[in-house]
Q: 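Below: one structure in structure tokens.
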Amino acid sequence: MIEKAAARAGKTIGQYVNEDVRSLAQSQLTQTQLPASPKDMQDQIEHLTRIVEGIASRMPEQGRKTFWQRLFG
């Protein structure tokens, strides 16, 4: 698909990717929402923390040991 698009644009694949795809990605990044507020970020961190804690609570005790505890028993 990229090869055909590059040919239509009269460019090599490298030129097409470097110019057109990069331009598209940059335009998408500039059109995104404003950065999240500190409160939103804190809520997201708390949500992810609950997920990780839930996963950790279901792990067998062996899986909860630190790297050094597993290495040296």
Q: A quick test of your reading: do over 12 heavy atoms of other residues, nucleotides or ligands sit less than 6.0 Å from CD of Glu3?
A: no
Q: As an exercise, state the distance from CD of Glu53 to CD of Glu46, rounded to the nearest 0.5 Å.
A: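 Going from the CD atom of Glu53 to the CD atom of Glu46 covers 10.5 Å.
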Q: What residue among Ile51, Asp43, Thr49 forms side chain to side chain contact (heavy atoms under 4.5 Å, CB included) with His47?
A: Ile51
